[in-house]
Asker: 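Dropping the structure in here first, questions after.
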There are 2 protein chains.
Amino acid sequence: MGTVSFRLGLLGVAQDALYASRLADLDLKPKHVALLCVLRLRGAESQMELAGLLGVAPSLIVLLADHLEERGAVQRVRDPADRRRQSLRLTDTGLHLLAAATEVAAQLDEELAAGLPPAEHAALSAALDHLLNGALERP
Amino acid sequence: MGTVSFRLGLLGVAQDALYASRLADLDLKPKHVALLCVLRLRGAESQMELAGLLGVAPSLIVLLADHLEERGAVQRVRDPADRRRQSLRLTDTGLHLLAAATEVAAQLDEELAAGLPPAEHAALSAALDHLLNGALERP
DNA sequence: CGCAATCATTCACGGCCTGCACGACCGGGG
DNA sequence: CCCCGGTCGTGCAGGCCGTGAATGATTGCG
């Protein structure tokens with residue numbers, strides 16, 4: 001089993017579960033962090049667009065946004081041009097929450113880097129960047 | 001979000017889902033493949049040990065083994081030394097099934113490598129190897 | 001001015017995995 | 001020799017997550 005995709009899946013799922021457990025204190029899941037990330041990096045015009053970017057059903061965006069809105073991390077604002085759409089705006093508390101979540105991930109990174117030569121760690125980071133950017137620039 | 005762990009989780013979960021969908025024809029899930037993999041690479045003395053290696057509950061091993069046994073991919077053999085234990089033996093059809101699953105993963109790899117410089121692909125593979133071996137040699 | 005299409009939301013359902021309870025089985029101590 | 005605590009595999013019920021279909025509001029096209 002020298003395939004990259006399979007091992008990437010295995011490690012990724014494990015890492016996701018681990019990150020989720022570490023995120024329990026913040027009462028967040030990795031999906032929430034992903035949503036905050038997208039909002040910070042590029043923003044989005046509608047929840048539909050977010051669903052497409054995250055690769056999940058629109059109804060899930062509703063739940064994620066609900067939870068984040070309760071915490072005051074995001075604001076739903078009706079698009080005046082098209083009142084069907086809701087744009088999600090990242091608030092200051094949302095930024096702080098994202099920073100806290102990033103801090104948790106950074107600590108996980110240290111543990112991960114402990115069993116990895118620095119050069120490979122950097123190479124891994126670069127490869128993930130390329131794959132992630134490639135996935136987002138598809139459409 | 002420059003953290004490796006977070007992006008590894010994102011991509012890994014997506015890759016796992018993608019692999020799962022491609023595996024539908026074989027009526028397998030990635031977890032089944034992981035189980036077959038462990039049996040092929042190192043074997044195990046008991047289902048408990050497998051649960052530990054895969055990081056899942058023992059009761060899940062039962063379900064996975066049930067499914068694989070129905071397909072004739074593995075055989076349950078009582079350990080004569082300790083009749084509580086069941087050793088899972090990989091059969092020839094199990095080997096073929098694993099080969100087919102690996103083939104599916106290999107095709108996914110090609111698609112993955114399309115958006116990645118060959119050097120980074122190799123580096124990614126090496127890094128995943130280190131992390132996976134590190135995780136298995138913990139105990 | 002309808003009318004089909006689009007967006008957000010709700011809700012019921014299905015799948016996956018876990019935790020617990022149970023029976024079979026082991027090894028040691030009285 | 002026989003309990004008795006501990007271990008292993010298994011069955012079962014429950015919880016969580018995410019999806020898909022139905023609903024209502026809103027849009028722009030014909």
Side-chain angles (χ1 to χ4, degrees), chain A residues 9-10 12-21 23-24 27-35 38-39 43-70 74-89 139, chain B residues 9-10 12-21 23-24 27-35 38-39 43-70 74-89 139:
Chain A
L10 279 188
V13 168
Q15 198 69 24
D16 186 73
L18 187 57
Y19 187 41
S21 70
L23 232 37
D27 195 25
L28 288 180
K29 317 258 168 174
K31 293 257 164 85
H32 294 130
V33 180
L35 180 49
V38 172
L39 288 180
E45 290 305 315
S46 65
Q47 299 184 191
M48 279 288 177
E49 189 183 352
L50 287 171
L53 289 173
L54 296 188
V56 300
S59 50
L60 180 57
I61 302 290
V62 175
L63 302 180
L64 296 175
D66 281 352
H67 190 229
L68 290 175
E69 197 175 24
E70 286 176 10
V74 302
Q75 260 183 335
R76 275 188 236 245
V77 300
R78 283 273 169 208
D79 183 342
D82 184 342
R83 302 231 310 282
R84 288 171 300 184
R85 299 187 174 180
Q86 301 244 104
S87 300
L88 296 187
R89 205 178 66 77
Chain B
L10 279 188
V13 168
Q15 198 70 23
D16 186 74
L18 186 58
Y19 187 41
S21 70
L23 233 35
D27 194 26
L28 288 180
K29 318 259 166 172
K31 293 259 165 85
H32 293 129
V33 180
L35 180 49
V38 172
L39 288 180
E45 289 306 313
S46 66
Q47 298 184 193
M48 280 287 176
E49 189 182 351
L50 287 171
L53 289 173
L54 296 187
V56 299
S59 48
L60 180 58
I61 301 290
V62 175
L63 301 180
L64 296 175
D66 281 352
H67 191 230
L68 289 175
E69 197 175 25
E70 286 177 10
V74 301
Q75 258 181 334
R76 274 188 235 245
V77 301
R78 283 274 170 206
D79 183 343
D82 184 342
R83 302 231 311 281
R84 287 171 301 182
R85 299 188 172 178
Q86 302 242 107
S87 300
L88 295 187
R89 205 177 67 78

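In what follows, chains carry the letters A, B, and so on, assigned in the order in which the sequence lines appear, proteins first and then strands, with residues in each chain numbered from 1.
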Asker: Could you check how far CE of B/M48 sits from C1' of C/dC25, rounded to whole Å?
Answerer: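 Rounded to whole Å, this separation is 13 Å.
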
Asker: Of all the nucleotides listed (D/dT10, C/dT10, D/dC8), which has the minimum atom distance to the side chain of B/V62?
Answerer: D/dT10

Asker: Please check if the side chain of A/R78 supplies one atom and the backbone of A/R84 the other of a donor-acceptor pair under 3.5 Å.
Answerer: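 Present.
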
Asker: Would you tell me if any nitrogen or oxygen in the side chain of A/R76 comes within less than 4.0 Å of OP1 or OP2 on C/dA8?
Answerer: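 For A/R76, the contact criterion (side-chain N or O under 4.0 Å from OP1 or OP2 of C/dA8) is not met.
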
Asker: Between A/S87 (side chain) and A/E45 (backbone), is there a donor-acceptor pair under 3.5 Å?
Answerer: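 Here the side-chain-to-backbone pair exists.
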
Asker: Which residue, A/P80 or A/P58, contacts DNA chain D at a nucleotide closer to its 5' end, judged by nearest heavy atom?
Answerer: A/P58

Asker: I want to check something: taking the side chain as every heavy atom from C-beta on, are B/L88 and B/Q75 in contact at a cut-off of under 4.5 Å?
Answerer: no

Asker: Nearest to the side chain of A/A57, heavy atoms from C-beta on, is which of D/dT19, C/dT18, C/dC7?
Answerer: D/dT19

Asker: What is the separation between atom CG on B/D66 and atom P on D/dT10, rounded to the nearest whole Å?
Answerer: 7 Å

Asker: Which one, D/dT19, C/dT18, C/dC26, comes nearest to the side chain of B/S59?
Answerer: C/dT18

Asker: As a test of reading the structure: which of D/dC8, D/dG11, C/dA8 is closest to the side chain of A/R85, going by heavy atoms?
Answerer: C/dA8

Asker: Mind listing the closest non-hydrogen atom pair of B/R83 and B/P80 along with its distance?
Answerer: CG-O, 4.1 Å

Asker: When the nearest nucleotide of DNA chain C is assigned to A/D82 and to B/D79 on a heavy-atom basis, which residue is associated with the more 5' position?
Answerer: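 Going by which nucleotide is closer to the 5' end, it is A/D82.
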
Asker: Expressed as a whole number of angstroms, how long is the span from A/E45:CD to C/dT6:C1'?
Answerer: 15 Å

Asker: Within this structure, what is the CD-to-C1' distance between B/E49 and D/dT7, rounded to whole angstrom?
Answerer: 14 Å

Asker: I want to check one thing: is the phosphate of C/dT6, taken as OP1 and OP2, less than 4.0 Å away from some side-chain N or O of A/R84?
Answerer: no

Asker: Mind calculating the distance between CD (A/Q86) and C1' (C/dT9) to the nearest angstrom?
Answerer: 10 Å

Asker: Can you find a side chain N or O atom of B/R83 that sits less than 4.0 Å from OP1 or OP2 on D/dG9?
Answerer: no

Asker: Regarding B/D27 and B/H67, is there a side-chain donor-to-acceptor distance under 3.5 Å anywhere?
Answerer: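 The criterion, which ignores hydrogens and geometry beyond distance, is satisfied for B/H67 and B/D27.
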
Asker: Counting heavy atoms from C-beta on, name the nucleotide in C/dC17, D/dT27, D/dC8 closest to the side chain of B/S46.
Answerer: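 Closest nucleotide among those given: D/dC8.
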
Asker: So if I take every side-chain heavy atom of A/K29 and compare against D/dT10, D/dC16, D/dT19, which nucleotide ends up nearest?
Answerer: D/dC16

Asker: Expressed as a whole number of angstroms, how long is the span from B/R78:CZ to D/dC8:C1'?
Answerer: 8 Å

Asker: Please state whether the phosphate of D/dG18, meaning OP1 or OP2, lies under 4.0 angstrom from any side-chain nitrogen or oxygen of A/K31.
Answerer: yes

Asker: Take atom CG of B/L60 and atom P of D/dG15, then tell me their distance rounded to the nearest Å.
Answerer: 19 Å

Asker: Among C/dT18, D/dT19, C/dA8, which nucleotide sits nearest the side chain of A/Q47?
Answerer: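 Comparing C/dT18, D/dT19, C/dA8 against the side chain of A/Q47, the answer is C/dA8.
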
Asker: Please give, in whole Å, the distance from C/dC17 C1' to B/L64 CG?
Answerer: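 Computing the B/L64:CG to C/dC17:C1' distance gives 10 Å.
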
Asker: Testing the basics here: between A/A20 and A/P30, what is the closest heavy-atom pair and its distance to 0.1 Å?
Answerer: CB-CD, 3.7 Å

